2 protein chains.
Amino acid sequence: MGTREDIIAAAARIMRDEGYARATTKEIARAAGYSEAALYKHFRDKTEIFVSVLTERLPGLVPLLGDLQGRAGERAVRDNLVDVARTAIAFYAESFPLSASVFSSRQLLAAHRERLRELAPGSGPDRPLTALAAYLRAERDGGRVPAEVDPGAAAALLLGACFQQAFLVAFTGDRPDGDTLHDLAADLVGALVACW
Amino acid sequence: MGTREDIIAAAARIMRDEGYARATTKEIARAAGYSEAALYKHFRDKTEIFVSVLTERLPGLVPLLGDLQGRAGERAVRDNLVDVARTAIAFYAESFPLSASVFSSRQLLAAHRERLRELAPGSGPDRPLTALAAYLRAERDGGRVPAEVDPGAAAALLLGACFQQAFLVAFTGDRPDGDTLHDLAADLVGALVACW
DNA sequence: GTCTATAGGGTGATAGAC
DNA sequence: GTCTATCACCCTATAGAC
């Protein structure tokens, strides 16, 4: 692991555990085992460190969704959706505190938005939504989902619910155990596909 | 408007427009037209100002939901839900940047959570969810919603989707016009109640 | 209740040696 | 590439006069 990666890893850990406000260059440098000056040899400024954490360290929800689309038709749609919901809640719960920090300053928000578009076009926060909608469309074309279903709206309902549940988890601070998580995911999917 | 209200109003404006990081005591005092010292005559510390903004200035989504429950049966459930969705998206879009700021520091998050429970018990971020679920239960008891519907899950789907859409709006920075908002709300509700 | 002034501590970022 | 040392600034909170 190179210096740059050390720094990003340290920054990610501090931001997650202590909050963005505590993630000063001094703290990051100390945790990474380098001097503050070293930070500035690898990153233009502090914002660049933060944006790098966000774009390079977040675990992917998108990969799961991508796989899913290619395998449309292999398993029951309902089971696939429960998997998606479970993964999404866990993913959002982990990434929420970090993503939310972006809103602590307009400048930071703008920088992040800009950076995201420049180095990973089309991988913004709406990416999971479009990926899930594409999967549902594929299943619908395969006749395994009723023709009347609106893939975009259905994806928005399911992932939106996961997003908010994750917010609640992050806010209250207690993470649900595996069973609770599964039940929650199953209930949401159940309500969504009630009459499919 | 008293001094205290002036301060809260100024703080709210700065936090919304500039982000929490920019909302320093100096800025707030300047914008409110008072000295920094005056802030500390009305609030114990800066956290108390922030929490006051959050609990006293956010427009109410809950009132609408409360009214709704009392009037179950008067209008088509679907129309009521579209109203709820529209209001919820607007509400969440406005409050998201502020609420998100809570995550900038663990200490702030803890303080806010604590304060919320102490001065408005049961009005946490899950309040709209329980209120909407109660409304749906009332309609279900009245036979206007199928017996198989899970009110809690349905509420989580609809409000969750609104929450995430609001996040996307806040993230990209462009707010949708009234028509777009209405269409979005109608699509979400349509997908939810497709077979009710 | 409000002010001015300041304490006391942190901050991001840079210079220059190795 | 990394270090030590430091700058210039900004932050929250308080003291004391009016």
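Per chain, numbering begins at 1; letters A, B, ... match sequence-line order. What you see is a predicted model; the values in this text were computed from it and never measured.
Between the CD atom of E36(B) and the C1' atom of dT6(C) there is a distance of 11 Å, rounded to whole Å. For the pair R22(A) CZ and dG9(C) C1', the interatomic distance rounds to 13 Å; values are reported in whole Å. The interatomic distance linking R44(A) (CZ) with dG12(C) (P) rounds to 16 Å, in whole Å. The nearest whole Å value for the distance from the NZ atom in K46(B) to the C1' atom in dC10(D) is 12 Å. Between the CD1 atom of I7(B) and the C1' atom of dG1(C) there is a distance of 11 Å, rounded to whole Å. For L39(B) and dT12(D), the CG to P distance is 10 Å, given to the nearest whole Å. Note: CD (Q107(B)) to P (dG10(C)) measures 14 Å, nearest angstrom. F43(A) has its CZ atom 11 Å from the P atom of dT2(D), to the nearest Å.
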For the pair F50(B) and Y20(B), evaluate ring pair (Phe, Tyr, Trp, His ring centres under 6.0 Å) and give the outcome as yes or no after the intermediate values. CA-CA 9 Å; F50(B) 180 67; Y20(B) 183 76; 4.7 Å; yes

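With dA13(D), dT4(C), dT2(C) as the choices, the nucleotide that has an atom nearest any side-chain atom of H42(B) turns out to be dT2(C). Closest to the side chain of K26(A), out of dT11(C), dC3(D), dA13(D), is dT11(C).
A continuous path of Ile, Leu, Val, Met, Phe, Trp and Tyr side chains, each step under 4.5 Å between heavy atoms, connects V189(A) with W196(B), placing both in one hydrophobic cluster.
For dT2(C), the OP1/OP2 oxygens have no side-chain nitrogen or oxygen of K41(B) closer than 4.0 Å. Checking the phosphate oxygens (OP1, OP2) of dT2(C), a side-chain nitrogen or oxygen of T3(B) falls inside 4.0 Å. The shortest distance between the side-chain N/O atoms of S35(A) and the OP1/OP2 oxygens of dT4(D) is not below 4.0 Å. Listed pair Y40(B) / dA13(D) meets the phosphate criterion, a side-chain N or O lying under 4.0 Å from OP1 or OP2. Close to dT11(C), at under 4.0 Å from its OP1 or OP2, lies no side-chain N or O of T25(A).
Between D83(B) atom CG and R78(B) atom CZ the span is 12.5 Å, to the nearest 0.5 Å.
Atom CZ of R75(B) has more than 12 heavy atoms from other residues, nucleotides or ligands within 6.0 Å.
A donor and an acceptor atom, one from each side chain of Y40(B) and E36(B), are nowhere located under 3.5 Å apart.
Nucleic acid contact for A38(B): sugar-phosphate only, since backbone atoms but no base atoms lie under 4.0 Å from a heavy atom of the residue.
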